[in-house]
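Values below: all heavy atoms of this structure, side chains included; hydrogens, waters and symmetry mates excluded. Order of listing sets the numbers, starting from 1, for every ligand and every atom in it. When a residue number appears, it is its place in the shown sequence, counting from 1.
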Amino acid sequence: MSYPREYESSLQRRDAFWLQQAKKLHWFKEPQQAVSLKPNGCADWFADGELNVSFMALDYHVDNGRGDQLALIYDSPVSGAKASYTFRELRDQVALFAGLLKKQHVKKGDRVVIYMPMIPQAAIAMLACARLGAVHSVVFGGFAPHELAVRIDDATPKVIVTASCGIEVNRVIPYKPMVDKAIEEANHKPAQVIVWQRPECQAELLPERDIDWQQGLQGVSPAECTVVAATDPLYVLYTSGTTGKPKGVVRDTGGYAVALHYSMNLVYGLKPGQVMFTASDVGWVVGHSYIVYGPLLAGVTTVLYEGKPVRTPDAGAFWRVCAEYGVNVLFSAPTAFRAVKKEDPEGLLFAGYDLSKLQRIYMAGERLDPATYEWTTAITGKPVYDHWWQTESGWPICANPVGAAEHPIKPGSATLPLPGYDVQILDYKGQPVGPNEQGAVAIKLPLPPGCLTTIWNNEERFVSGYLSEFEGYYSTGDGGYKDDDGYVFIMGRTDDVINVAGHRLSTGEMEEILAQDNAVAECAVIGVHDELKGQVPVGLVITKDGVQVSAEELTARLVQLVRDEIGAVACLKRILVVPRLPKTRSGKILRRVLRQLADGEPVQVPSTIDDPSCIDELREQLAG
Ligand code: COA
Ligand code: AMP
């Protein structure tokens with residue numbers, strides 16, 4: 001089928017199209033119906049189907065001749081460790097750990113929070129939860145105890161799974177004290193904490209509550225797969241919204257499995273037996289979908305890498321991993337390639353490896369800027385693809401459908417909407433605009449399989465946050481346009497979400513934290529352009545009258561506050577003490593004006609501004 005026909009078919013003959021994709025997986029009860037529309041315009045997918053994703057991703061392959069193929073390769077330059085697991089070995093480890101969870105009375109529907117570094121046990125814990133039908137919620141290891149506490153209170157887990165430490169460049173970060181602190185802060189108290197002890201750091205265990213993973217496995221029987229409905233939740237993954245409270249994106253089981261499996265060939269052109277290296281973290285959606293579930297569902301070997309693109313030990317790290325394991329597809333964020341480019345602009349390190357097996361390079365997490373695209377293409381000689389997606393979508397919304405028909409690459413564009421996604425560019429009234437006109441990027445309901453079904457414990461926030469802005473559409477929160485050929489260009493967020501080194505963060509949340517300081521009367525946090533990280537936050541604060549504090553002291557205090565509350569990943573390093581902030585007459589801070597001033601763009605001052613004279617003084621301060 002030609003690509004335009006495949007795309008049309010996914011929208012016009014939705015049921016038949018997706019049932020055909022579903023048939024490619026092993027269900028315990030094959031679904032007879034793909035779409036069940038709900039009153040809110042969204043769909044339940046494969047509602048009468050029954051399955052277990054862990055079975056599909058592991059047992060199925062063991063039973064069908066892939067038992068001895070590598071499922072997961074672990075490579076950790078920060079610890080010096082390397083390991084690999086065949087599908088059989090991974091299945092057995094997962095079944096055993098599921099047995100340990102079961103012994104702690106974890107059952108279908110219970111939540112398990114996973115706070116882990118990039119070690120195989122993180123993937124094992126996720127797949128073990130899936131085996132039992134328990135709902136995992138992975139929290140990125142770079143988040144501080146407070147962020148973990150907020151998620152514990154929202155997800156109310158029975159068990160937390162963690163490791164004794166994470167390892168950053170030249171730095172061991174003990175995790176267990178952070179877990180203890182988070183539990184202390186949270187209102188909800190999990191019954192058990194299971195700890196994987198790493199040689200770099202031994203965690204102290206509380207006798208009543210904590211279990212040593214390795215010791216706990218002794219005498220445990222492997223657990224069988226629990227049958228779940230396609231519509232049962234597989235996981236909750238928290239992502240930043242516009243306020244301090246993160247949103248728990250709920251992923252179903254059946255729709256997600258079908259969408260990921262479909263995408264593995266359509267988007268990445270991968271076939272069973274090939275190797276995918278997604279350099280991200282299991283704490284992000286990219287890690288859920290393309291380090292753990294997607295490759296394994298498709299019988300593809302996945303590389304789990306605990307290191308950075310640079311400094312572990314050098315800017316050739318990605319190329320070394322690709323050469324060593326015969327990687328066919330490499331996927332990371334543009335920021336990672338910018339870091340490589342900065343340290344090895346001529347690509348000398350690339351030239352030292354045999355990368356004949358590497359077929360394609362993918363980037364997402366932020367827009368692939370044309371300069372990084374050109375550099376990566378020139379240095380590697382490989383096709384480089386941008387593709388656009390979100391935690392909410394779970395798999396790409398726009399990409400180059402290389403598995404069906406490769407389309408010419410246009411730098412700056414994520415290429416075309418994928419099957420199931422009716423992407424429209426809307427004006428502020430919700431009317432579609434013409435080609436090359438910018439607007440809000442929205443997706444006509446229903447969303448395809450794989451996308452979020454609701455916000456955990458908060459259907460109202462799901463509706464108000466995504467479905468209310470434009471009737472009949474899901475609002476992506478991104479702005480952009482389509483060109484004459486229907487190529488989609490995503491130009492950035494239209495809300496208070498920023499992307500720092502591929503990490504999604506909320507400026508609203510940072511403002512809430514800065515406002516806790518006694519010296520701060522008012523504040524605004526904006527994302528400004530950064531050569532390496534894409535964006536970094538900058539805080540502008542007005543101090544309270546009569547407060548005696550130097551700008552240096554206040555900066556140090558506020559920077560530390562954000563590190564303590566959110567984590568180092570927030571990268572808030574610059575604070576400006578300002579006399580005034582630009583506001584509308586109704587008192588709303590004009591953040592867009594601040595962003596434009598900081599980025600040196602032409603400033604569009606709205607007619608509703610209260611006092612235009614503050615613009616020039618701020619321009620000077622922000623440029624400084
Ligand atoms: N646990 C604890 N701390 C962590 C952490 C983790 N898992 N991940 C990051 N941090 C810390 C870092 O140590 C650093 O701390 P510091 O300020 O004390 O030095 C801080 O958070 C910022 O980290 P990061 O944003 O990673 O900056 P960096 O300078 O160490 O590295 C890049 C820059 C571009 C190399 C790196 O951000 C990168 O590889 N990005 C790709 C991101 C990605 O894969 N995103 C997922 C979407 S695909
Ligand atoms: P996250 O939920 O962390 O994956 O972040 C999703 C957001 O990252 C999107 O809403 C976009 O703003 C941005 N994003 C991700 N991929 C791309 C891309 N390829 N092009 C432009 N923006 C992107």
Side-chain angles (χ1 to χ4, degrees), residues 78 115-118 122 139-144 165-175 178 237-241 247 249 278-291 305-312 315 317-318 331-343 362-369 373 385-394 396-399 412-415 441 452 475-480 488-495 497-505 527 530-536 559 562-563 566-573:
V78 289
Y115 184 68
M116 300 279 267
M118 281 290 286
V139 178
F140 174 57
F143 279 132
C165 63
I167 308 173
E168 279 292 287
V169 186
N170 304 328
R171 185 158 57 114
V172 170
I173 302 176
Y175 273 27
M178 294 202 271
L237 178 58
Y238 289 88
T239 190
S240 298
K247 300 187 273 198
V249 163
T278 301
S280 178
D281 191 289
V282 288
W284 308 116
V285 67
V286 173
H288 281 63
S289 295
Y290 296 109
I291 295 175
Y305 172 74
E306 188 183 25
K308 301 260 174 184
V310 291
R311 293 178 286 145
T312 59
F318 280 4
F331 173 5
S332 194
T335 184
F337 292 89
R338 284 197 297 270
V340 174
K341 177 182 166 196
K342 192 163 165 240
E343 298 209 357
Y362 289 79
M363 301 200 204
E366 54 172 314
R367 177 169 178 259
L368 171 53
D369 54 291
Y373 165 78
Y385 304 98
D386 187 8
H387 60 330
W388 167 59
W389 50 303
Q390 315 184 305
T391 305
E392 289 85 344
S393 68
I397 303 167
C398 289
S413 168
T415 316
V441 187
L452 83 170
S475 304
T476 66
D478 281 311
V488 178
F489 291 73
I490 300 296
M491 303 310 289
R493 299 285 306 190
T494 54
D495 56 14
V497 167
I498 58 171
N499 254 292
V500 180
H503 307 140
R504 176 164 158 182
L505 299 164
D530 181 79
E531 273 298 308
L532 174 66
K533 301 197 173 187
Q535 279 184 306
V536 287
V559 164
V562 171
R563 276 178 86 92
I566 299 180
V569 280
C571 278
L572 177 67
K573 298 202 166 137

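- The backbone N or O of Lys247 sits nowhere less than 3.5 Å from a side-chain atom of Thr239 that would complete a donor-acceptor pair.
- Annotation: atom 26 (O) of ligand 1 to nearest protein heavy atom, Lys308 NZ, 2.9 Å.
- Within the 4.0 Å heavy-atom shell around ligand 2 one does not find Leu368.
- For Tyr305 and Thr312, the side-chain atoms include at least one donor-acceptor pair closer than 3.5 Å.
- Judged by distance alone, with hydrogens and angles left aside, the side-chain atoms of Ser240 form a donor-acceptor pair with the main-chain N or O of Arg504 at under 3.5 Å.
- Atom 6 (C) of ligand 2 has as its closest protein heavy atom Trp389 O, 3.6 Å.
- Heavy-atom minimum distance, Trp389 versus Gly394: CZ3-O, 3.3 Å.
- Distance from atom 12 (O) of ligand 2 to its nearest protein heavy atom, with residue and atom name: Asp478 OD1, 2.6 Å.
- Heavy-atom proximity to atom 18 (O) of ligand 1, evaluated over Glu168, Arg563, His503, Lys573, is greatest for Arg563.
- Protein heavy atom at the shortest distance from atom 22 (N) of ligand 2 is Arg367 N, 3.5 Å.
- Looking at atom 1 (P) of ligand 2, its nearest protein heavy atom turns out to be Thr391 OG1, 3.4 Å.
- The nearest protein atom to atom 5 (O) of ligand 2, hydrogens excluded, is given as Arg504 CD, 3.5 Å; this is a heavy-atom distance.
- The closest protein non-hydrogen atom to atom 7 (C) of ligand 2 is Asn499 ND2, 3.8 Å.
- Contact atoms of ligand 1 toward Thr335: 34 (C), 40 (N), 41 (C) (distance under 4.0 Å to a heavy atom of the residue).
- Distances from atom 43 (C) of ligand 1 to the heavy atoms of Ala336, Gly365, Cys571, Ala501 put Ala501 nearest.
- Of the heavy atoms in Arg493, only side-chain atoms (C-beta onward) come closer than 4.0 Å to ligand 2.
- Contact annotation: Gly365 has at least one heavy atom less than 4.0 Å from an atom of ligand 2.
- Considering only non-hydrogen protein atoms, atom 18 (C) of ligand 2 sits nearest to Glu366 O, 3.3 Å.
- Nearest protein heavy-atom neighbour of atom 2 (C) of ligand 1: Ile173 CD1, 3.4 Å.
- The shortest separation from a heavy atom of Arg311 to ligand 1 is under 4.0 Å, placing the residue in contact.
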